Amino acid sequence: MSAPLLSVTGAVKRFGGVQALRGVDFDLRAGEIHALLGENGAGKSTLMNLLSGVYTPDEGTIQIDGRQVALNNPREAQAAGIATIFQELDLVPTLDVAANLFLGRELMRPGGFLDVPAMRSEARKRLEAIELAIDPARLVADLSIGQRQVVAIVKALSYASRVLIMDEPTAALTVAEVERLFDVMRKLAASGVGIVYISHRLEEVPRIAG
Ligand SMILES: Nc1ncnc2c1ncn2[C@@H]1O[C@H](COP(=O)(O)OP(=O)(O)O)[C@@H](O)[C@H]1O
Ligand SMILES: [Mg+2]
């Protein structure tokens with residue numbers, strides 16, 4: 001059998017006297033939705049921060065495709081193909097959807113002008129790829145929380161990510177938005193993305209990671 005997409009072995013993380021993680025092991029395979037459950041304070045966000053390069057583990061290893069990786073900062077995690085959706089979405093509300101998707105790597109026309117039509121057309125393609133009809137010209141401020149979350153996911157995955165980690169993504173969502181999000185997650189998994197889904201809502205797990 002091939003190596004898992006992502007493999008965490010013996011991860012330990014302490015904050016002063018607090019041992020937030022004491023030897024965590026898990027494997028994630030391509031196309032799998034892996035639920036990470038635990039009550040508040042269990043160390044879920046700490047583990048996510050290790051995988052996104054925000055913290056480094058005191059002990060233990062992280063492997064991608066069977067090769068050990070050092071994730072010393074968020075850029076290295078991104079380069080390793082790990083995308084993270086934090087509870088605080090890193091979108092700019094005063095910009096439109098397309099501008100958010102291309103923030104920091106804008107498409108340009110000769111002469112140094114932004115190529116807005118090209119960015120909107122590419123944004124529309126990416127949203128339609130997960131069957132999401134959001135107008136790329138809409139301001140993020142005018143979207144629902146659920147729509148913003150999906151835009152953040154599309155943005156995260158546009159960095160050629162193969163692992164998507166979501167920390168309590170349903171906390172601020174309506175019931176219909178949760179369904180919509182689960183639908184998006186299932187489509188992504190079917191396309192080969194591995195998803196780590198962090199929640200303290202036990203009742204959600206059979207619905208998404210069953
Ligand atoms: N930056 C930090 N400094 C000190 N203690 C922390 C820090 N981050 C988390 N902790 C502690 O580590 C434990 C696990 O926290 P956390 O990973 O946020 O749990 P969860 O996300 O499961 O609620 C808690 O006891 C928390 O207080
Ligand atoms: Mg947390």
Side-chain angles (χ1 to χ4, degrees), residues 28 30-36 45 48 51-52 74-75 77-79 81-109 113-199 201 204-205 207-210:
L28 177 72
E32 189 174 60
I33 301 177
H34 190 121
L36 204 66
S45 294
M48 163 146 166
L51 292 172
S52 59
R75 200 170 292 275
Q78 192 177 78
I82 300 177
T84 324
I85 307 293
F86 290 92
Q87 279 161 328
E88 288 297 318
L89 301 177
D90 64 342
L91 299 177
V92 182
T94 51
L95 294 179
D96 67 33
V97 169
N100 268 278
L101 290 180
F102 285 94
L103 198 62
R105 46 189 180 146
E106 288 80 4
L107 302 181
M108 306 299 280
R109 286 189 290 139
F113 299 101
L114 291 176
D115 194 343
V116 172
M119 287 189 279
R120 288 190 178 161
S121 145
E122 184 58 32
R124 188 180 303 279
K125 265 190 238 158
R126 291 184 194 174
L127 290 162
E128 281 173 357
I130 54 170
E131 287 164 45
L132 206 79
I134 294 177
D135 179 356
R138 279 184 74 188
L139 288 187
V140 163
D142 295 335
L143 301 181
S144 71
I145 305 290
Q147 287 174 316
R148 287 183 207 194
Q149 202 147 34
V150 176
V151 171
I153 292 171
V154 171
K155 182 178 172 187
L157 290 171
S158 66
Y159 290 91
S161 309
R162 300 162 64 209
V163 176
L164 178 66
I165 306 171
M166 301 202 271
D167 194 2
E168 309 265 0
T170 59
L173 301 189
T174 64
V175 173
E177 286 174 336
V178 171
E179 270 318 314
R180 181 87 229 176
L181 178 67
F182 284 177
D183 216 47
V184 168
M185 287 166 62
R186 287 187 200 103
K187 285 198 183 101
L188 293 174
S191 77
V193 175
I195 301 178
V196 180
Y197 177 79
I198 298 178
S199 179
R201 297 188 185 176
E204 283 183 355
V205 171
R207 290 169 55 206
I208 189 63

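Nothing fancy with the numbering, it's 1 onward along the sequence. Every value quoted in this text rests on a predicted model; they were computed, and no experiment measured them.
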Check this for me: R75, atom CZ, are more than 12 non-hydrogen atoms of other residues, nucleotides or ligands nearer than 6.0 Å? no
Drop me the distance from Y197's OH to H34's NE2, to the nearest 0.5 angstrom. 13.5 Å
How close do L28 and G194 get, counting heavy atoms only, and between which atoms? CD2-C, 3.6 Å
Is there a side-chain contact between Q147 and V150 in this structure, where contact means two heavy atoms from C-beta onward sitting under 4.5 Å apart? no
Atom CG in L181, atom CZ in R186: separation rounded to 0.5 Å? 9.5 Å
Which pair of non-hydrogen atoms, one from T84 and one from S52, has the smallest distance, and what is that distance? OG1-CB, 3.1 Å
Is the shortest heavy-atom distance from the side chain of V151 to the side chain of V154 under 4.5 Å? no
Is the side chain of R180 donor-acceptor paired with the backbone N or O of V184 at a distance under 3.5 Å, no angle test? no
Check: E177 side chain, T174 main-chain N or O, donor-acceptor pair, under 3.5 Å: yes
Can you give each donor-acceptor pair under 3.5 Å made by side-chain atoms of residues 96-104, sequence neighbours left out, with the distance rounded to 0.1 Å?
from	atom 1	to	atom 2	distance (Å)
D96	OD1	A98	N	3.1
D96	OD1	A99	N	2.7
D96	OD2	R120	NH2	2.8
N100	OD1	V92	N	2.6
N100	ND2	V92	O	3.0
N100	ND2	L95	O	3.3
N100	ND2	D96	O	3.0

Look up atom CD in E168 and atom CD1 in I85, then write down how far apart they are to the nearest 0.5 Å. 14.5 Å
Would you please name every residue forming a side-chain hydrogen bond (donor to acceptor under 3.5 Å, both in side chains) with E106, sequence neighbours left out? none
Working to the nearest 0.5 angstrom, can you tell me the gap between L173 CG and I145 CD1? 8.0 Å
Roughly how far apart are I82 CD1 and L51 CG, rounded to 0.5 Å? 5.5 Å
Under the side-chain hydrogen bond (donor to acceptor under 3.5 Å, both in side chains) test, residues paired with D115 that sit two or more places apart: none
Between E32 and I195, is any pair of side-chain heavy atoms under 4.5 Å apart? no
Sidechain-backbone polar pair: E179 side chain, A176 backbone, donor-acceptor under 3.5 Å: no
V193 backbone acceptor or donor facing R162 side chain under 3.5 Å: no
Closest heavy-atom contact between R105 and S158? NH2-OG, 2.7 Å
Show your reasoning for whether side-chain contact (heavy atoms from CB on, under 4.5 Å) applies to R148 and V140. CA-CA 7 Å; R148 287 183 207 194; V140 163; 4.0 Å; yes
Under 3.5 Å: donor-acceptor pair, side chain of R124, backbone of I134: no
Check I33 against A189 and note the closest heavy-atom contact, atom names and distance. CG1-CB, 3.9 Å
Hey, are the side chains of L188 and L157 touching, using non-hydrogen atoms and a 4.5 Å cut-off? yes
Nearest heavy-atom neighbours spanning I198 and P169: O-CD, 3.7 Å
Nearest heavy-atom contact between I153 and M166 is CD1-SD, 3.8 Å
Could you walk me through whether E122 and K125 satisfy the salt bridge (Lys or Arg N to Asp or Glu O under 4.0 Å) test, starting with their C-alpha distance in whole Å, then the side-chain angles of each, then the deciding distance to 0.1 Å, before giving a yes or no? CA-CA 5 Å; E122 184 58 32; K125 265 190 238 158; 3.5 Å; yes
